[in-house]
Amino acid sequence: MRPFISFCTILLLLSACTAKQQTEKTEFSDLPVSGLSGKQLAVAHCSRCHAFVDPGLLAKTNWRDVLPAMGHRMGIYRNGARPDSLFDEGESGSVVREADIFPEKPILAREDWRKIEAYFIENAPDTILPPIRRTPIRMGLTHFKYREASFSNRPALTSMVKILPDNRGIVFGDGKPRRNNLTFLTPDLKERYSMRLATTPIQFDEKANELYLTTIGKGVFPTDAANGSLVRLQKSGSEPGYQSETLAIPNLRRPVCMTYGDLTKDGFDDVVSCEFGNQTGQLAWYENDKKGRYTKHILREKPGAITAIIKDANRDGLPDIYVLMAQGDEGVFLYENQGAGQFKEKRLLTFLPLNGSQHIELADFNKDGFEDIVYVCGDNADKTPILKKYHGIYIFLNDGKSNFKQAYFYQLNGAYKAIVRDYDLDGDLDIAAISFFPDYLRYPAESFIYLENKGKLTFEDYSFPEATRGRWVVMDAGDMDADGDIDLVLGSFVYFIPQGDTTGLGKKWLSDGPSIVVLENTSR
């Protein structure tokens with residue numbers, strides 16, 4: 001019996017090998033070998049989607065994790081056939097299939113793909129050392145007092161925070177499935193009112209007697225389903241109640257930023273929508289028909305739009321649109337308003353896909369009358385979750401003609417957002433920043449950094465002892481107590497204990513971490 005089993009096993013193995021050879025022959029026989037080197041092939045194929053990444057920026061082990069995902073974009077699959085696991089269930093998966101993100105058949109010969117793999121692995125270092133701080137972060141915030149809200153969701157899954165003007169407190173959203181709360185806090189940080197939503201709130205904007213609430217969809221996690229929306233709520237007589245809910249813009253693909261401005265100069269605000277999506281997505285502007293209805297115009301039909309700012313860049317009297325793209329082809333783009341609803345795209349800055357672009361702001365740091373770009377990168381929720389020396393906060397100076405040159409960099413592991421204001425009221429611009437992926441083991445205080453401007457683009461960095469009370473993912477700045485200075489509110493997002501966590505912080509966040517904390521400015 002045993003010899004028969006062995007013989008059958010050999011037959012099965014031979015059959016499997018033959019089938020594999022036939023599969024490979026079918027898939028690759030009509031694809032000629034290019035004759036190009038591994039580097040030439042890498043540049044040609046990888047640069048179709050994003051800026052070329054030098055092999056030395058990742059270690060060999062990282063490339064072994066990344067390369068299969070790169071191969072999927074070229075129709076290269078381990079077992080020869082495209083796996084169904086690449087697609088989500090339902091609408092999200094159907095959208096990706098229709099977009100042909102992962103081709104069924106290879107677009108290059110197997111020998112060429114092996115050259116690409118070899119090029120990256122052979123030219124990558126064995127290890128990459130994490131960045132080391134030359135000087136310790138200064139502890140203590142001279143101009144701020146730490147305050148913690150008495151009300152929190154546990155675990156905290158804060159999806160947005162907003163300081164309400166005129167000493168009316170704070171509103172924040174929570175993204176836990178089947179919770180999706182929008183909570184209003186009093187100025188002394190006690191719960192005033194909570195409302196349950198069908199989807200996760202991501203942005204809160206007040207206009208006259210109306211509230212515009214952007215919802216990202218059913219949870220904050222990646223999807224290509226178009227279940228995000230812009231909802232208009234009418235204020236009721238009592239604060240902070242709302243009624244008369246209207247769906248202003250439905251079917252948005254994971255919107256993460258909505259920006260309002262009169263792009264057509266007709267006296268009514270239009271909307272720019274950053275629909276980040278996942279494998280698919282888009283940047284679009286929605287034209288207001290003067291009756292609260294919107295017509296869609298696509299600016300860029302690619303995923304990754306994450307920040308949009310409406311500003312007249314060339315001073316021609318027409319509002320332009322600055323946009324940060326953060327998925328694959330990362331960079332800052334300017335959409336110059338040509339009038340009559342037409343825009344011309346201009347690339348201002350290009351970044352590597354390893355940057356994990358997160359946020360931009362416009363601010364005039366050198367006081368020459370032109371807006372400079374503050375750029376934040378540090379998203380590490382991908383296939384290369386290692387500390388990167390190029391993550392942090394950048395300042396690019398404007399030459400007055402929308403050409404930008406880097407003039408400052410502050411290395412901050414996992415940087416997620418920076419807000420530029422004159423916090424200490426000394427006449428220059430300071431920077432408050434949060435990190436979602438800091439070096440918790442060595443530099444836990446870098447989860448919040450305050451950069452105090454000392455002039456000529458030099459800054460001193462500070463943090464505060466309670467910086468590790470939460471894992472900060474969102475932040476807002478505003479005059480919460482109407483005393484003339486700018487306060488800060490930070491929101492924590494704790495979905496699970498980070499893998500390999502040896503600090504003990506994860507368990508604390510899950511058990512008693514706050515949803516939000518306030519840094520009250522005491523300058524006045």
Side-chain angles (χ1 to χ4, degrees), residues 50-51 53-54 57 130-135 137 257 304-309 311 313 322-334 346-368 370-380 382 384 386-421 423 428-439 443 446-462 472 475 477:
H50 53 71
V53 178
D54 186 273
L57 290 176
I132 298 175
R133 287 189 172 272
R134 296 179 180 178
T135 58
I137 302 168
C257 175
I306 196 167
T307 309
I309 301 170
K311 197 87 173 182
Y322 291 85
V323 177
L324 174 63
M325 298 295 297
Q327 188 86 323
D329 185 16
E330 301 193 11
V332 178
F333 297 80
L334 176 63
K346 177 183 179 181
R347 182 187 289 268
L348 301 180
L349 297 167
T350 298
F351 307 118
L352 294 176
L354 298 179
N355 275 32
S357 298
Q358 277 295 122
H359 184 71
I360 56 169
E361 289 212 351
L362 301 179
D364 184 4
F365 273 91
N366 55 3
K367 299 183 179 181
D368 63 355
F370 298 102
E371 300 274 20
D372 309 308
I373 293 176
V374 179
Y375 164 68
V376 181
C377 64
D379 186 13
N380 243 352
D382 55 19
T384 61
I386 60 172
L387 300 174
K388 300 179 174 77
K389 63 181 180 181
Y390 40 86
H391 278 178
I393 302 165
Y394 295 74
I395 297 176
F396 294 90
L397 294 182
N398 188 345
D399 69 353
K401 299 178 182 178
S402 292
N403 300 307
F404 293 85
K405 184 177 180 181
Q406 182 181 329
Y408 175 79
F409 171 64
Y410 178 83
Q411 200 280 324
L412 178 59
N413 294 305
Y416 240 54
K417 188 172 184 177
I419 300 180
V420 180
R421 299 288 190 277
Y423 293 101
D428 55 26
L429 296 173
D430 312 298
I431 302 173
I434 54 173
S435 167
F436 193 59
F437 296 97
D439 186 346
Y443 313 119
E446 70 179 7
S447 59
F448 173 87
I449 292 292
Y450 173 65
L451 296 176
E452 183 177 344
N453 195 334
K454 293 301 181 180
K456 298 181 180 179
L457 291 180
T458 60
F459 297 83
E460 290 183 353
D461 55 355
Y462 297 85
W472 316 121
M475 173 173 61

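Counting from 1, the numbers follow the sequence of the chain as shown.
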Going by atom types alone, do Ser357 and Asn355 pair a side-chain donor with an acceptor below 3.5 Å? no
Using a 3.5 Å distance criterion without hydrogens, assess whether the side chain of Asp372 forms a donor-acceptor pair with backbone atoms of Phe365. yes
Could you check Asp461 against Arg133 for salt bridge (charged side-chain N to carboxylate O under 4.0 Å, His left out), going step by step and ending with a plain yes or no? CA-CA 12 Å; Asp461 55 355; Arg133 287 189 172 272; 3.6 Å; yes
What I'd like to find out is whether the side chain of Pro131 reaches to under 4.5 Å of the side chain of Gln411, using heavy atoms alone. yes
Run Phe351 and Tyr375 through ring pair (Phe, Tyr, Trp, His ring centres under 6.0 Å) and show every step you take. CA-CA 11 Å; Phe351 307 118; Tyr375 164 68; 3.8 Å; yes
Asp430 side chain to Asn453 main-chain N or O, any donor-acceptor pair under 3.5 Å? yes
Any donor-acceptor pair under 3.5 Å linking the side chain of Glu371 with the backbone of Ala363? yes
Just by distance, no angles: are the side chains of Lys389 and Asn413 close enough, under 3.5 Å, to form a donor-acceptor pair? no
Testing the basics here: between Glu446 and Asp439, what is the closest heavy-atom pair and its distance to 0.1 Å? OE2-N, 2.7 Å
Hey, does the side chain of Asn380 reach the backbone of Gly414 with a donor-acceptor pair shorter than 3.5 angstrom? no
Suppose we screen for ring pair (Phe, Tyr, Trp, His ring centres under 6.0 Å). Which residues come up paired with Phe409, at least two apart in sequence or across chains? Tyr394
Give the ring-plane orientation class for Tyr423 versus Tyr450, where under 30° counts as parallel, over 60° as perpendicular and anything between as tilted. perpendicular
Could you check whether Phe436 and Tyr416 have their ring centres less than 6.0 Å apart? yes
With a 4.5 Å limit on heavy-atom distance, are the side chains of Thr307 and Val323 in contact? no
Would you say Leu451 and Tyr408 make side-chain contact, with heavy atoms under 4.5 Å? yes
Just checking, is any N or O donor in the side chain of Asp329 or Gln327 under 3.5 Å from an acceptor N or O on the other one? no
Are any side-chain N or O atoms of His391 and backbone N or O atoms of Leu354, one a donor and one an acceptor, separated by less than 3.5 Å? yes
Taking side chain as C-beta onward, heavy atoms only, is Leu348 less than 4.5 Å from Tyr322? yes
Would you please say whether a donor-acceptor pair under 3.5 Å links the side chains of Glu460 and Tyr462? yes
